[in-house]
Asker: 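Quick one: the structure is below, questions incoming.
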Amino acid sequence: MLLRLSDPFMVCNQQTPEEQSIPGWSGFNAITYPSLPVETVTGYHPMINAESSNFSTLYTLMKLAQKICNTLGQCDSVVPFDLALYAKAKQLQMKYPEEFQSTVIRMGGFHIALNYLSLLGKKYAQSGLEDMLIESGVYAVGTTSVIMLGKSYNRGIRAHKLTMEALFRLLWQAFVEWLTREEVGLENGPKQLILCRSCIEPLMVLLDTFKLESRKKSKVFNFWEDYINMVLLLLQFVKAERTGNCKLHLSATAAMVPHFFSMDRVNYARWLPVYLSDMNLLESHHPEVYQEFMAGSHSVSRSKQPFAQVWPDMALEQSINLDSNSKGGIIGMSTNENAVDKWFLTSHERAAITQELKNMCGIQNCDRIGTHKETSATRVTRDENDV
């Protein structure tokens, strides 16, 4: 059922290039889920000038989060980390269970997605995937190498989306030929069936039968169908965050775990079950957090666009980490201890002033509210040509 959620887009997108009017996966879902979430209030806290990987720093951070939440009248504090810090934070929580009983530690979804992109590239290296991206002109050699390593999120997601769609179209063509050859009794042809939402279900049953027969006949078909399913799983993981669907987030994460085991991603294979166990116990241990997560508050909305919510660790990368590494950031003065101390003391104040100035000047992409870049005619044409 998890992967079946993406099938309406895949099935409906079977058009000739001249007839294509359906946008790409993100644009399609932006139209399907047009509601605009409440924009998340993001603020900068004074930074801690210490190694983030030290247990003492993590202890201080978690205690500080508890203090802030108590001041605001919240019973529980939710703190997201990437995997390296998550493992150490969980060790602290296990060592001091009473002290951090009200702390919910989350694993950053952005870093999970990046690592999944990396294992996807590792599994399908030397399979012809790189050559296809390069020779089709979609990406250059250097960019393709970065994509296969999982180092570029946006380009990696787009590359795998386009490749998956191209492979699915080939699968669909073979499916139509199979229907004709098997003389399956359909009142309407497959192109008419895809226009009728109530007729998709019997068509999917036939498609599953075709896949089952093809897997038995061809190992190559099995190999590339696994790729399609892995990309669909990644897209469901992304969709869960962009729509604020916590249950889909947990089911997609659970479905990813076997892939981390099979590709020797030992740390994620070890800690993802722990993370899933904690999240499944939220309803009984932290009911207020559970209710907020079920309402969609587990993701961060930083724009007034549909289907655009992000993981907390991605929001961190787009805000404070971006400011720190750009002009006016810490780069270029890291060897001057006094300058670094001053920067840490004033970074949150300068960020607040910058944000208020943007609000005062109306610099919030107001002309694009309620739209998605993949729904534009130019982007639809570009994606169609690349596929």
Asker: Taking the ring of Trp25 and the ring of Phe28, is the distance between their centroids below 6.0 Å?
Answerer: no

Asker: Indicate yes or no for a side-chain donor-acceptor contact from Ser118 to the backbone of Leu114 under 3.5 Å, with no hydrogens or angles considered.
Answerer: no

Asker: Evaluate the ring planes of Trp178 and Phe175, with Trp represented by its six-membered ring, and classify them as parallel (under 30°), tilted (30 to 60°) or perpendicular (over 60°).
Answerer: parallel

Asker: If a pair satisfies side chain to side chain donor-acceptor pair (under 3.5 Å) and one of its residues is in residues 140-157, list it, with sequence neighbours excluded.
Answerer: none

Asker: If you take all heavy atoms of Gly109 and Trp311, which pair is closest and at what distance?
Answerer: CA-CD1, 3.4 Å

Asker: Given a cutoff of under 4.5 Å between side-chain heavy atoms of I, L, V, M, F, W and Y, with clusters grown through shared members, what are the other residues clustered with Ile134?
Answerer: Val141

Asker: Return the minimal non-hydrogen interatomic distance between Met279 and Leu250, and the atom names on each side.
Answerer: CB-CD2, 3.5 Å

Asker: Report yes if some heavy atom in the side chain of Met294 is under 4.5 Å from a heavy atom in the side chain of Glu283; otherwise report no.
Answerer: no

Asker: When hydrophobic residues are tied together by side-chain contacts of less than 4.5 Å, even through go-betweens, does Met94 share a cluster with Met107?
Answerer: yes

Asker: Is Asp278 paired with Lys90 through a side-chain N to carboxylate O contact shorter than 4.0 Å?
Answerer: yes

Asker: Salt bridge check: are Glu165 and Arg169 linked by an N-O gap of less than 4.0 Å?
Answerer: yes

Asker: Checking the side chain of Asn222 only, and the main-chain atoms of Arg215 only, is there a donor and an acceptor separated by less than 3.5 Å?
Answerer: no

Asker: To the nearest 0.5 Å, how far apart are CG in Leu61 and CG in Leu85?
Answerer: 9.0 Å

Asker: Where do Pro34 and Pro306 come nearest, in terms of heavy atoms and distance?
Answerer: O-CB, 3.8 Å

Asker: How far apart are the closest heavy atoms of Val79 and Ala65, and which atoms are they?
Answerer: CG2-CB, 3.9 Å

Asker: Does the separation of the ring centres of Tyr124 and Trp224 fall below 6.0 angstrom?
Answerer: yes

Asker: Verify the cluster assignment for Val146 and Phe110: are they in a single hydrophobic cluster under the rule of side-chain heavy atoms below 4.5 Å apart?
Answerer: no

Asker: What's the shortest heavy-atom distance between Glu241 and Val310, and which atoms?
Answerer: CG-C, 3.6 Å

Asker: Sub-3.5 Å donor-acceptor pair from the side chain of Lys88 to the main-chain atoms of Ser53, do we have one?
Answerer: yes

Asker: Anything under 30° is parallel, anything over 60° is perpendicular, the rest tilted; go ahead and classify His249 against His298.
Answerer: tilted

Asker: Apply ring-ring contact (aromatic ring centres under 6.0 Å, His included) to Phe260 and Tyr268, showing your working.
Answerer: CA-CA 6 Å; Phe260 286 108; Tyr268 277 94; 5.3 Å; yes

Asker: Any donor and acceptor pair, going by atom type alone, linking the side chain of Thr163 with main-chain N or O of His160 inside 3.5 Å?
Answerer: no

Asker: Has Asn245 got a side-chain atom pairing as donor or acceptor with Leu248's backbone, closer than 3.5 angstrom?
Answerer: yes

Asker: Does Gln93 use its side chain to pair, donor to acceptor, with the backbone of Phe100 at less than 3.5 Å?
Answerer: yes

